[in-house]
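Positions are given from 1 along the sequence.
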Amino acid sequence: MTWGTELWDQFENLDKHTQWGIDFLERYAKFVKERLEIEQTYAKQLRNLVKKYCPKRSKDDEPRFSSCMSFYSILNELNDYAGQREVVAEEMGHNVYGELMRYSQDLKSERKHHLQEGRKAQQYLDQCWKHMDNSKKKFERECKEAEKSQISYDRLDNDINATKSEVEKAKSQLYLRTHSADESKNEYAAQLQNFNGEQWKHFNVAIPQIFKNLQDMDERRTVKLGETYRSFADVERRVVPIISKCLEGMVTAAKAVDQRKDSAIVVESFKSGFEPPGDFPFEDYSQNLSRTGSDNTISTPKNEGGVKPDPKHSISKAAKNKLWLFGKKPKAPSLEDFSHLPPEQRRKRLQARIDELSKELQKEVDQRDALNKMKDVYEKNPQMGDPQSLQPKISETMCNMEKLRSEIHKNESWLSEVEGKVSTRGDRRPSADVNHHTPHGRESPEGSYTDDPSKEHRSPPHQPDPRQAHQPDEFDDEFDDDDPLPVLGHCKALYSFDGQNEGTLLMKEDDVLYIIEEDKGDGWTRARTQSGEEGYVPTSYVEIAMEKNSKGAVTYI
């Protein structure tokens, strides 16, 4: 069944139907657009969710527990899943929505053309009908005029009173009217024949062809809708395998959770390297009591030299420092040499830093070698470039190498120090000598474990602790001296020094200090500020200018 034969007289309804078809196609396109916007919003929200729960800490601080790693793997898979939703939205926008909108514009242009052709054909047929109708009306008028002339002639011809001239005039008028009527008849017949021919062509050729074109257009629109329906589903179907892999990755990550591995990581992360504290000795405070002859009391050896034990040191401070097993230990500040960490953890962190610095140093070495090779090429072939232009970069690379070597050396010295401590502490048990004097309970100048963990500190880089170079008694005597020491010279601070260690002096870059005691080979110089505060500063941190008469020639005012 074709529209041209079955719907030859339904031009207006076909006009409305084809317009409805295009409107429906655009409505479906709008549906696809809203769907892809939902996909875009969904993907964006998923990515924001992943970003929200991704770790914001540095890579070194990231937990290595299998449960955490599995969760981060799931986040990565979910991020990939969000990417597939974006692919769905993108392909819907390009392959479905964009294609529909382009096709809709083509349909509108084609429909407009076909309808214009139909209206032109209808206008031509109407014009032919008007010509035929005008000739018909003219023929009708001419016939009526001829009849009137015939009646007038018959009346005069039968009238005996009419003159001959009047009769001849009426006869002539009748002849003219009859001739005009015959011509109108012939014209009407010709116009009628022409109209009938054009009407036949209109309803049997032109209109069927135009309506067939409209039918083809509408059927192609229907086919296109079916194809886009399928494309809409195919877009989803193409990402299903990848989404399935994402889900399989989540399941794999879930299976990777290993409670025993996590427990081992906890041990590795928090193992301090210390030995558990040993038994504390019994301390007899009844030694000075007079005893009877009873032998039932516990006998303990007397203190050699008759020295009374100091109750304040009845428990070793080094041992007391390890009794915070189930208490809350105050958080120590993060230090450059990691001295705030237990020995085992400090060793791991220092080793990791050395490895990282070594990699950076190797990169700088490779870059230096590449620049030197390029410089050699430029020297042999000046047209390729200026060798001197590479010198600043080579100098910068060499400077970076020196800095990295210095950092590596500094960290290696800290590492050798902590490795020595770990081995020493591993062999040591808590001593029965409870009166062991370590300044303020510290185990070493660089150590961080004190009886008051909040006072943990470290010595300046590359510098020994001044309390290690000067014995505690001498240190206290020197600072308890009422008379100020003479000024031997002055110095200018090249770097800032925090002076957090006890006995050290705070200074800022470019500060000028008075020297009151020279460096004795331990890396520290004793100085005095202009306000009269005294303490030790690292010798490598200052530029020293000694007075000519250094022995008391210049005194502090």
Side-chain angles (χ1 to χ4, degrees), residues 1-43 83-129 195-244:
M1 299 179 70
T2 61
W3 291 6
T5 56
E6 303 294 333
L7 304 175
W8 61 272
D9 57 345
Q10 299 297 318
F11 182 84
E12 297 297 330
N13 286 332
L14 291 180
D15 184 358
K16 294 178 181 178
H17 172 74
T18 52
Q19 182 61 47
W20 171 87
I22 293 176
D23 291 342
F24 181 78
L25 184 142
E26 291 182 342
R27 183 184 178 192
Y28 174 65
K30 184 179 179 182
F31 160 77
V32 174
K33 182 181 179 182
E34 292 184 2
R35 170 63 192 279
L36 68 89
E37 286 175 351
I38 291 174
E39 290 289 350
Q40 289 173 340
T41 303
Y42 179 47
Q84 295 308 308
R85 304 321 306 178
E86 290 175 345
V87 170
V88 169
E90 183 179 353
E91 293 196 6
M92 280 186 178
H94 179 72
N95 298 339
V96 183
Y97 176 73
E99 184 67 22
L100 284 174
M101 295 308 296
R102 288 191 294 272
Y103 190 71
S104 173
Q105 296 300 321
D106 295 340
L107 280 184
K108 288 179 180 179
S109 299
E110 184 179 355
R111 174 180 174 275
K112 182 179 180 180
H113 173 72
H114 293 324
L115 293 179
Q116 284 178 346
E117 291 293 324
R119 290 190 179 93
K120 286 181 181 179
Q122 188 64 43
Q123 289 174 359
Y124 180 71
L125 183 63
D126 291 343
Q127 186 178 2
C128 291
W129 181 85
F195 172 74
N196 287 333
E198 294 298 332
Q199 181 175 254
W200 185 89
K201 287 194 294 184
H202 177 80
F203 288 110
N204 291 277
V205 179
I207 289 298
Q209 184 61 41
I210 292 171
F211 283 9
K212 183 177 183 302
N213 292 337
L214 286 173
Q215 181 180 0
D216 292 342
M217 181 195 73
D218 194 68
E219 288 177 352
R220 279 187 279 110
R221 175 192 63 81
T222 304
V223 171
K224 191 67 175 180
L225 278 172
E227 291 176 352
T228 53
Y229 292 162
R230 186 165 52 253
S231 298
F232 185 84
D234 288 341
V235 168
E236 287 273 1
R237 187 185 300 172
R238 280 194 291 272
V239 301
V240 166
I242 304 177
I243 290 177
S244 298

Could you tell me whether E110 and R220 make a salt bridge, using a distance below 4.0 angstrom between a side-chain N and a carboxylate O?
yes
Trace of the side-chain contact (heavy atoms from CB on, under 4.5 Å) decision for K112 with T18:
CA-CA 10 Å; K112 182 179 180 180; T18 52; over 6 Å; no
Side-chain donor-acceptor pair present, Q215, E219, cut-off under 3.5 Å:
yes
Of all heavy-atom pairs between G93 and L36, which one has the smallest distance, and what is that distance?
CA-CD2, 3.5 Å
C128 and side-chain contact (heavy atoms from CB on, under 4.5 Å): which single residue from Q199, E198, H202, Q123 fits?
E198
Could you measure the distance from the CG atom of L225 to the CG atom of L25? Nearest 0.5 Å is fine.
4.5 Å
Interatomic distance, L100 atom CG to R27 atom CZ [nearest 0.5 angstrom]:
14.0 Å
Hey, are the side chains of E91 and R238 touching, using non-hydrogen atoms and a 4.5 Å cut-off?
yes
About how many Å separate CG of L7 and CZ of F211, when rounded to the nearest 0.5 Å?
7.5 Å
Is there a side-chain contact between I22 and S104 (heavy atoms, below 4.5 Å)?
yes
How about NZ on K224, more than 12 heavy atoms from neighbouring residues, nucleotides or ligands closer than 6.0 Å, or not?
yes
With a 4.0 Å cut-off on N to O distance, would you call E39 and R35 a salt bridge?
yes
Just so I know, are the side chains of Y28 and Y97 near enough to count as touching, which here means a heavy-atom distance under 4.5 Å?
no
More than 12 non-hydrogen atoms from neighbouring residues, nucleotides or ligands closer than 6.0 Å to OH on Y229, yes or no?
yes
Taken to the nearest 0.5 Å, the spacing of W129 CH2 from N196 CG works out to 13.0 Å
Starting at CD1 of I210, measure out to NE2 of H113 and round the result to the nearest 0.5 Å.
8.5 Å
Are side-chain heavy atoms of R111 and Q116 found at a separation under 4.5 Å?
no
Contact between E26 and K108 at the side-chain level, heavy atoms closer than 4.5 Å - yes or no?
yes
Who pairs with Y103 by ring-ring contact (aromatic ring centres under 6.0 Å, His included), at least two apart in sequence or on another chain?
none
Are side-chain heavy atoms of V32 and F232 found at a separation under 4.5 Å?
yes
Does I38 form a side-chain contact (heavy atoms from CB on, under 4.5 Å) with E34? I'd like the steps, not just the answer.
CA-CA 6 Å; I38 291 174; E34 292 184 2; 5.5 Å; no
Is there a side-chain contact between E227 and R230 in this structure, where contact means two heavy atoms from C-beta onward sitting under 4.5 Å apart?
yes
What's the verdict on side-chain contact (heavy atoms from CB on, under 4.5 Å) for V205 and Q209, showing C-alpha distance, side-chain angles and the deciding distance?
CA-CA 6 Å; V205 179; Q209 184 61 41; 5.7 Å; no
Who are the side chain to side chain donor-acceptor pair (under 3.5 Å) partners of T228, not counting sequence neighbours?
none
Which residues satisfy the side chain to side chain donor-acceptor pair (under 3.5 Å) test with D218, sequence neighbours excluded?
H17, R221
Are side-chain heavy atoms of R85 and I243 found at a separation under 4.5 Å?
yes
Excluding sequence neighbours, so at least two apart, what forms ring-ring contact (aromatic ring centres under 6.0 Å, His included) with F203?
W8
Between Q19 and D23, is any side-chain donor less than 3.5 angstrom from a side-chain acceptor?
yes
For atom CD of E90, is the number of surrounding heavy atoms from other residues, nucleotides or ligands below 6.0 Å larger than 12?
no
Do L214 and W3 pass the side-chain contact (heavy atoms from CB on, under 4.5 Å) test, and can you show the C-alpha distance, the side-chain angles, and the key distance before you say yes or no?
CA-CA 8 Å; L214 286 173; W3 291 6; 4.1 Å; yes
For the CG atom of N95 and the CD atom of E99, what is their distance to the nearest 0.5 Å?
8.0 Å
Set of residues satisfying ring-ring contact (aromatic ring centres under 6.0 Å, His included) with respect to Y124, sequence neighbours excluded:
none
By side chain to side chain contact (heavy atoms under 4.5 Å, CB included), which residues pair with D126, not counting sequence neighbours?
Q122
